[in-house]
Amino acid sequence: MIEFEKKFSDKKIENAIYEKIIPAGEGWMHPLDEGQTLRIVDLKGNQGLDFLCYDLHNPEDHYSATQTIVRQKKLYINTGTVLVTETGKELLEIVADTCTCHETMGGACATESNTVRYGHHTLNMKTCRDTFLMKISEHADKYCKVDLVPNVNLFAQILKLEDGSFEFLDGISKPGSYVEFKALNDTMILISNCPQINNPCSGYAPTPNAIYIWDK
Ligand SMILES: [Zn+2]
């Protein structure tokens, strides 16, 4: 497990203009205006959360794991990371982070990958890809399947093994850990609070997250 220095926020909950609990296995899709700040809290700890973002006014220009990794020359994201799109547009900057490290390679759980990795009995289990599809279907005039690209896994880490493979680690995030994003441009946020029970990214028992937004 990799840890960096924690960066705490000075923002107060009572000043937030928006708050919402995302139950285990549910999703959230919501715009952020330039200058607004979004905090995501891992309420119970050890709860992976799949995260994507888009240029609000041009959804085809989505978060790019590759561009973000190349730009900062590291695989994990944490305080100071700027999440950029395929064209290099800056969408979000991480301005506070008490988990200190989130991963960019594991992708979202899906029915297909579940059945390959964990067996045919997982066929009917809900996945992050299901949640993503349900949320974008509420904005079907602007978003479709091809907009579901490799995502960030917040509050999750993977360990690279000597043979080049990797596996998810358990016990990364503590109860109350949070990460805070400042919108550098108008951005659409898409979240799946991971329902995964077959690997430790959600501690085998998914739990809720909290969302807060502050105006600039
Ligand atoms: Zn998932």
Side-chain angles (χ1 to χ4, degrees), residues 1 20-30 38 40-54 62-66 68-69 75-78 83 92 94 97 99 101-139 143-160 165-175 177-179 181 188-211:
M1 171 176 169
K20 188 172 181 67
I21 300 292
I22 307 177
E26 298 297 317
W28 184 75
M29 191 170 186
H30 197 278
L38 167 72
I40 304 170
V41 186
D42 181 0
L43 291 171
K44 307 277 188 184
N46 210 19
Q47 173 60 31
L49 185 146
D50 295 46
F51 181 97
L52 278 172
C53 51
Y54 303 85
H62 50 71
Y63 162 73
S64 167
T66 311
T68 300
I69 290 167
L75 291 172
Y76 294 107
I77 68 166
N78 54 8
L83 279 69
L92 303 167
I94 299 182
D97 184 6
C99 180
C101 194
H102 313 267
E103 76 88 18
T104 55
M105 293 192 299
C109 60
T111 300
E112 296 83 352
S113 58
N114 271 358
T115 53
V116 170
R117 284 180 185 163
Y118 311 116
H120 189 71
H121 67 284
T122 64
L123 184 67
N124 295 313
M125 290 181 181
K126 191 177 182 188
T127 68
C128 283
R129 188 165 173 85
D130 296 333
T131 302
F132 279 161
L133 283 168
M134 283 190 283
K135 297 315 292 182
I136 64 169
S137 70
E138 297 168 8
H139 303 267
Y143 295 84
C144 65
K145 266 178 131 175
V146 297
D147 298 315
L148 297 182
V149 295
N151 57 284
V152 174
N153 286 316
L154 297 177
F155 308 114
Q157 271 189 32
I158 54 176
L159 175 69
K160 184 173 164 297
S165 63
F166 64 79
E167 62 185 30
F168 278 95
L169 298 179
D170 197 4
I172 297 305
S173 179
K174 304 286 182 289
S177 289
Y178 63 83
V179 56
F181 299 89
M188 182 64 95
I189 307 290
L190 176 60
I191 284 171
S192 167
N193 190 10
C194 186
Q196 182 61 262
I197 58 171
N198 301 289
N199 76 42
C201 72
S202 294
Y204 301 101
T207 52
N209 297 115
I211 298 282

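Note that ligands are numbered from 1 as they come in the structure, with each ligand's atoms numbered from 1 the same way. Remember, predicted model here, so these are calculated numbers, not experimental data. The analysis underlying the following values was restricted to heavy atoms, covering all of them including side chains, and did not include hydrogens, waters or symmetry mates.
Asn193 places a side-chain N or O within donor-acceptor distance of the main-chain N or O of Pro23, the cut-off being under 3.5 Å.
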Problem - Intermediate values then yes/no, salt bridge (charged side-chain N to carboxylate O under 4.0 Å, His left out), Lys135 and Glu26 - result: CA-CA 9 Å; Lys135 297 315 292 182; Glu26 298 297 317; over 6 Å; no

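Here the protein contributes Cys109 SG, Cys128 SG, Cys194 SG as N, O or S atoms under 2.8 Å from the Zn ion (ligand 1).
The only member of Asn153, Val152, Ile77 that meets side-chain contact (heavy atoms from CB on, under 4.5 Å) when paired with Glu103 is Asn153. With respect to Phe51, the ring pair (Phe, Tyr, Trp, His ring centres under 6.0 Å) criterion is satisfied by exactly one of Phe181, Tyr63, Phe155: Phe181.
Ring pair His102/Tyr76: centre-to-centre distance not below 6.0 Å.
Ring-plane geometry between His139 and Tyr143 is classed as perpendicular, the angle between the planes exceeding 60 degrees on a 0 to 90 degree scale with a lower cut at 30.
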